[in-house]
Amino acid sequence: MATEIDSLKEQNQRLDEDFRWYQMGNFSKYSSVQKAVCKGEGGDRFENLAFDQRFLAPLITEYDKHLEELNGQLKYYQKQVGEMKLQLENVIKENERSELSRQKLHTQELLSQLEIANEKVVENEKLILEHQEKANRLQRRLTQAEERAASASQQLSVITVQRRKAASLMNLENI
């Protein structure tokens, strides 16, 4: 019995080697994905492949189709992202132009307000000069009036003194 088991083990090893040699010969026919599925940790050698090629080939083919679909979708989405980037750049440029236009309009409004304010300043300066001239004229008239009042007061004092003298003289004469 042990010899039969040993014999079966040897036969199993030879069949595994033949199977690996067969698959290695056909390995170049498969895609990189199929190769990656079939590769074991030992490099290009197949490690204990316990699957039937009839079932695996359609699965790998279907996987490749699905992978191609995904690659197509990826390219489509990359194209969409590229278009969206261009659109975004255009929107950003348009926003910048709009912002510049808005700032230009705001600047023009400020300049207009500044011109109006300057005109008011000039007008106020003219009014101030007119009021200063009027105040100066009033001050001169006040000074002249004060001088006349002082002169009148002196004359009144002189007249008062003269009247008193005249009244004293009359009183002396009447005595």
Side-chain angles (χ1 to χ4, degrees), residues 27-44 47 55-175:
F27 192 70
S28 63
K29 296 180 189 176
Y30 298 112
S31 70
S32 61
V33 173
Q34 291 169 330
K35 288 178 184 177
V37 168
C38 294
K39 278 187 185 177
E41 291 181 26
D44 289 342
E47 297 281 335
F55 296 118
L56 184 59
L59 290 174
I60 292 176
T61 304
E62 194 62 32
Y63 180 78
D64 283 342
K65 286 181 186 176
H66 183 67
L67 189 60
E68 286 178 26
E69 288 176 16
L70 290 176
N71 281 333
Q73 287 179 356
L74 177 64
K75 287 179 184 176
Y76 171 76
Y77 290 132
Q78 286 174 337
K79 181 181 176 185
Q80 292 292 327
V81 166
E83 290 174 1
M84 291 176 86
K85 283 182 181 179
L86 289 175
Q87 289 175 352
L88 179 63
E89 288 174 8
N90 289 337
V91 167
I92 289 171
K93 288 177 184 176
E94 184 63 32
N95 283 346
E96 288 172 352
R97 283 192 295 264
S98 293
E99 179 64 19
L100 288 175
S101 295
R102 189 192 65 75
Q103 288 177 353
K104 183 178 179 181
L105 181 63
H106 183 67
T107 302
Q108 289 173 345
E109 289 173 359
L110 290 175
L111 286 174
S112 175
Q113 291 174 358
L114 183 61
E115 287 177 19
I116 292 170
N118 282 339
E119 289 173 1
K120 287 184 180 180
V121 166
V122 168
E123 186 178 316
N124 286 339
E125 286 175 349
K126 286 180 184 178
L127 288 174
I128 289 171
L129 285 175
E130 288 174 9
H131 288 302
Q132 284 178 343
E133 288 174 7
K134 189 174 183 180
N136 288 340
R137 283 193 306 267
L138 289 173
Q139 185 63 40
R140 282 192 301 267
R141 287 176 65 190
L142 179 62
T143 303
Q144 289 172 354
E146 286 175 345
E147 288 173 358
R148 284 190 299 242
S151 174
S153 177
Q154 282 179 348
Q155 287 176 356
L156 184 61
S157 292
V158 169
I159 292 173
T160 306
V161 169
Q162 286 175 354
R163 274 191 178 172
R164 282 189 193 152
K165 279 186 184 178
S168 296
L169 283 176
M170 282 203 256
N171 277 340
L172 285 178
E173 286 178 10
N174 285 337
I175 307 191

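Along the sequence shown, residues carry numbers from 1. Note: hydrogens, waters and symmetry copies are ignored here, and every other heavy atom, side chains too, is used.
In this structure a side-chain-to-backbone donor-acceptor pair under 3.5 Å is present from Ser98 to Glu94.
Rounded to the nearest 0.5 Å, atoms CD (Glu69) and CG (Asn71) are 10.5 Å apart. Rounded to the nearest 0.5 Å, atoms CZ (Arg141) and CG (Asn136) are 13.5 Å apart. Note: His131 NE2 to Asn124 CG = 9.5 Å, rounded to the nearest 0.5 Å. The distance from atom CZ of Arg140 to atom CD of Glu147, rounded to the nearest 0.5 Å, is 12.5 Å. Annotation: the span from Gln139 atom CD to Thr143 atom OG1 amounts to 4.5 Å, rounded to 0.5 Å. Atoms CD and CD, on Gln155 and Gln162 in that order, are 10.5 Å from each other to the nearest 0.5 Å.
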Just list the side-chain donor-acceptor pairs under 3.5 Å for residues 103-114, sequence neighbours left out, or say none.
{"unit_1": "Gln103", "atom_1": "NE2", "unit_2": "Glu99", "atom_2": "OE2", "d": "3.1"}
{"unit_1": "Thr107", "atom_1": "OG1", "unit_2": "Gln103", "atom_2": "O", "d": "2.7"}

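None of Ile92, Val91, Leu86 except one satisfies the side-chain contact (heavy atoms from CB on, under 4.5 Å) rule with Glu89; the exception is Leu86.
The shortest distance between side-chain heavy atoms of Arg97 and Lys93 falls below 4.5 Å.
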### Query
side chain to side chain contact (heavy atoms under 4.5 Å, CB included) between Leu129 and Glu125: does it pass, once the steps are laid out?
CA-CA 6 Å; Leu129 285 175; Glu125 286 175 349; 5.7 Å; no
